[in-house]
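The chains referred to below are lettered A, B, ... by the order of the sequence lines, with proteins before strands, and numbering in each begins at 1. As the structure is a computational prediction, the values presented were derived from the model and not from experiment.
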Protein chains: 2
Amino acid sequence: MLAATFISKAPLRLTRAAALSSQIVTEIRNRVFDGSLVPGSFLGSENELAKSFGVSRITVRDALRSLSAMGLVKIRQGAGGGARIAESDLDYFADALAVQFQLAGVGVDETLRAQSAIEGTAAEHRNHEDLERLSGALDHARSVAHDPAAFTEASLGFHLAVAEASRNRALIALLRALRFVVWPSENKRATPDVAARVDKTHREIFARIEAGAGARDAMTKHLGGIRLSKQKQHAEAFC
Amino acid sequence: MLAATFISKAPLRLTRAAALSSQIVTEIRNRVFDGSLVPGSFLGSENELAKSFGVSRITVRDALRSLSAMGLVKIRQGAGGGARIAESDLDYFADALAVQFQLAGVGVDETLRAQSAIEGTAAEHRNHEDLERLSGALDHARSVAHDPAAFTEASLGFHLAVAEASRNRALIALLRALRFVVWPSENKRATPDVAARVDKTHREIFARIEAGAGARDAMTKHLGGIRLSKQKQHAEAFC
DNA sequence: GAAAATTTGTTCGTATGTATC
DNA sequence: CGATACATACGAACAAATTTT
């Protein structure tokens, strides 16, 4: 009995072959990484893929759903449609990242610290156009300081501009995702006095970015100020 | 008929109702964001979900494939199985991020600059245990300097430890994803002299992290050194 | 602008492997 | 070990959408 039990649980047996649809996902994913598939590459219709992989159409569908969810393929219906390797869409992906952060319970603290790291690098890579965009974003925010919702959105615009000044898509994508996690859809706490304080901090950040260094210190101070008031955290945290 | 045609082309027309499976994905995703579903929450079997949503099992399957691909649900078969909201798995996510960076063509340059931003923050948040781990990683790397593959892996370990010292899961996940994009599976170029130079740079980074500031400067110098030699870029870039 | 062709979206039915009880 | 519950997989078919003709 015991022997039979051991045999039936043969240790040599590798994890059984993964699901067929998973194998298809892995295959296509690998071909993207090794460069044999690039954005725009045509994969075929569901029926063609089913035939070429020797599986049913539903199995192919399962695989395409997974690939589509990771943003690796785009699917179009109609004549000439089918599955193609997607162009990169970091925004679409930021959503998936936001989901993971939500599950992980990544909160305001980690978000702001990551933001600080991202924006601190802008000072090192910003060019003249970046500075003009940042300056414009600041002026726009000030012009709508009386409108909490508009001011909040303008503040987001400022931070996005800062991230873009880093000229680094990885960091930009991370910031967009982080903002998606915690940015309140409507922020009614940005009262005029809060707006004035936020504006002051933002201009300090801008000045240091313009100087080309020290942005990290400004961000750290920004964060420190936020922590002074738990109640005001949500209002100021993302401005 | 004509009226119908005009209506069908009405510019005000919002994006038409999304596919049923997409609606299910959105619904579950939203319930995770609003907190009514948390990791471990049981969603039901495919049949139960099909019944409760009023759609076929295959439509539910499509939705579950998408949710599973984003790492939002875990599926188990067998009695007592079914779909549950997943625990967070930032590693799994890092893979999806890596795919996007691959599609976007994010390369060595942006990777290193992002890495610099990530690791620079470690100096601000490291504690005593972090320093011990970092020191251990450095010693381990030095002890295998004669073995290119082992040294490369040890160097990765050092950088991961640095990222972990930032105590920020967003940054840790970003680093893991970036490394996945560009880390060579085998690095045969880490000759002893290269290893010695890398070791020196790493110890400089460590010293500044220990001091609690200035890590960014060390990283920047690291990057600058890498750029001196295009040929040696791949060997040194990720050490 | 309308018809035709192509492809995805969706459903039902059925069979099989697998994990739990 | 058997029974049960569940995901995985296949086949056929129709509806809806989109491009091409």
*Does B:A86 have any side-chain contact (heavy atoms from CB on, under 4.5 Å) partners at least two apart in sequence or in another chain, and if so, which?*
B:K74
*Starting at the 5' end of nucleotides 7-14 of chain C, put B wherever the base has a protein heavy atom under 4.0 Å, S where only the sugar-phosphate does, and a dash everywhere else.*
BBBBBB--
*Which pairs count as side chain to side chain donor-acceptor pair (under 3.5 Å) when at least one residue sits in residues 62-71 of chain B, sequence neighbours excluded?*
A:R61-B:D62
*Quick one: side-chain contact (heavy atoms from CB on, under 4.5 Å) partners of A:S143, sequence neighbours excluded?*
A:H140
*asked:* Going by the rule salt bridge (Lys or Arg N to Asp or Glu O under 4.0 Å), which residues pair with B:R31 if we only count those two or more places apart in sequence or in a different chain?
replied: none
*What is the distance from NZ of B:K74 to C1' of D:dC6, rounded to the nearest Å?*
18 Å
*Can you list the residues that meet the side-chain contact (heavy atoms from CB on, under 4.5 Å) rule with A:R84, with sequence neighbours excluded?*
A:F42, A:R76
